[in-house]
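Notes follow once the structure below has been shown.
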Amino acid sequence: MSSFDTHRRRVHDEGLPAGVRHTNLRSCLVHFSPYGFRATYHHLCLSARIPTPVDRDPASLVRAVEELHHARRLWVESERAFAARRAASKARGFRQVAADESWRAWQRGWQNIAYCPDPRSHPTEPLAVVVERVLRSPAPPAGTRATPACRVCGGGDGTRPWHDGRGRIHQLCARCGVVPAVRRT
């Protein structure tokens with residue numbers, strides 16, 4: 001499997017047909033999609049104004065991949081800092097992750113930074129703004145299941161149900177559509 005950076009370079013390659021460049025943008029989303037694949041793709045289509053068909057504005061693919069790349073860079077830096085802290089903690093004999101490890105205390109992996117199961121309902125701000133806000137947000141207090149306010153938009157408007165069409169009901173932030181943070185136990 002090719003890396004994010006390989007696919008990003010192909011999106012920039014003006015010698016490739018627009019359809020191939022579009023496929024490479026979607027391959028970048030396999031490597032990093034903070035809202036989930038479909039919601040992140042929908043966000044990028046809106047923010048970069050990707051037309052259908054993409055041949056009309058191939059530069060929109062570059063705008064989209066660069067927005068995604070900027071957000072991914074923030075996440076990679078955060079992961080590197082976390083790995084360094086964990087290595088230092090382990091060297092001191094601490095094997096448990098600290099309770100204050102930000103979003104890691106209540107989410108798992110890069111696909112769940114700000115998960116939006118409804119692909120049409122997601123934050124409208126640039127991805128980097130949302131990713132940085134989530135990475136810097138404090139973890140829910142010990143003993144609680146969710147944050148009192150949304151870690152993405154700050155809204156305390158509660159949640160709304162969304163039916164995924166497969167028998168599951170997701171509770172989403174009423175303002176931005178992100179699944180509320182749930183602490184791992």
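Model, not experiment: these values are computed from the prediction.
Looking at every heavy atom in both residues, L44 comes nearest to A64 through CD2-O, 3.5 Å. R160 approaches S121 most closely through the heavy-atom pair NH2-OG, 2.7 Å. In this structure, R151 and A114 approach most closely via the heavy-atom pair NH2-CA, 3.8 Å.
Put simply, the side chain of H69 does not reach to within 4.5 Å of the side chain of V11, judged on heavy atoms. Residues T40 and P34 meet the side-chain proximity criterion, which asks for heavy atoms closer than 4.5 Å. Using a 4.5 Å heavy-atom cutoff, the side chains of C153 and P123 are not in contact. Between D118 and H170, every side-chain heavy-atom pair lies at or beyond the 4.5 Å cut-off. When side chains are defined from C-beta on, V130 does not count as touching V178, because their heavy atoms never get closer than 4.5 Å. For the pair P117/W162, a side-chain contact is recorded, criterion being any heavy-atom separation below 4.5 Å from C-beta on. Two residues are said to be in side-chain contact when any heavy atoms from C-beta on lie closer than 4.5 Å; I113 and F32 meet this criterion.
Under the salt bridge (charged side-chain N to carboxylate O under 4.0 Å, His left out) criterion, the residue pairs touching residues 63-73 are R8-E66, D57-R63, with sequence neighbours excluded.
Evaluation of the side-chain contact (heavy atoms from CB on, under 4.5 Å) rule for T6 yields S2, S3, R9, R10 as partners, not counting sequence neighbours.
Cluster annotation: L68 and V129 are assigned to distinct hydrophobic clusters (Ile/Leu/Val/Met/Phe/Trp/Tyr, side-chain heavy-atom contacts under 4.5 Å, transitive). With hydrophobic clusters built from ILVMFWY side chains whose heavy atoms lie under 4.5 angstrom apart, L127 does not share a cluster with L46.
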Stepwise, does the side-chain contact (heavy atoms from CB on, under 4.5 Å) test hold for E14 with R21?
CA-CA 8 Å; E14 294 178 4; R21 294 170 69 191; 4.2 Å; yes
Please evaluate residues L25 and V54 with respect to the criterion side-chain contact (heavy atoms from CB on, under 4.5 Å), reporting the C-alpha separation (whole Å), side-chain torsions for both, the decisive distance (0.1 Å), and the verdict.
CA-CA 12 Å; L25 170 64; V54 294; over 6 Å; no
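Grouping Ile, Leu, Val, Met, Phe, Trp and Tyr by side-chain contacts under 4.5 Å, direct or through others, puts L16 with V20.
H43 pairs in a side-chain contact (heavy atoms from CB on, under 4.5 Å) with only one of the listed residues (R38, H122, R120, E125), which is H122.
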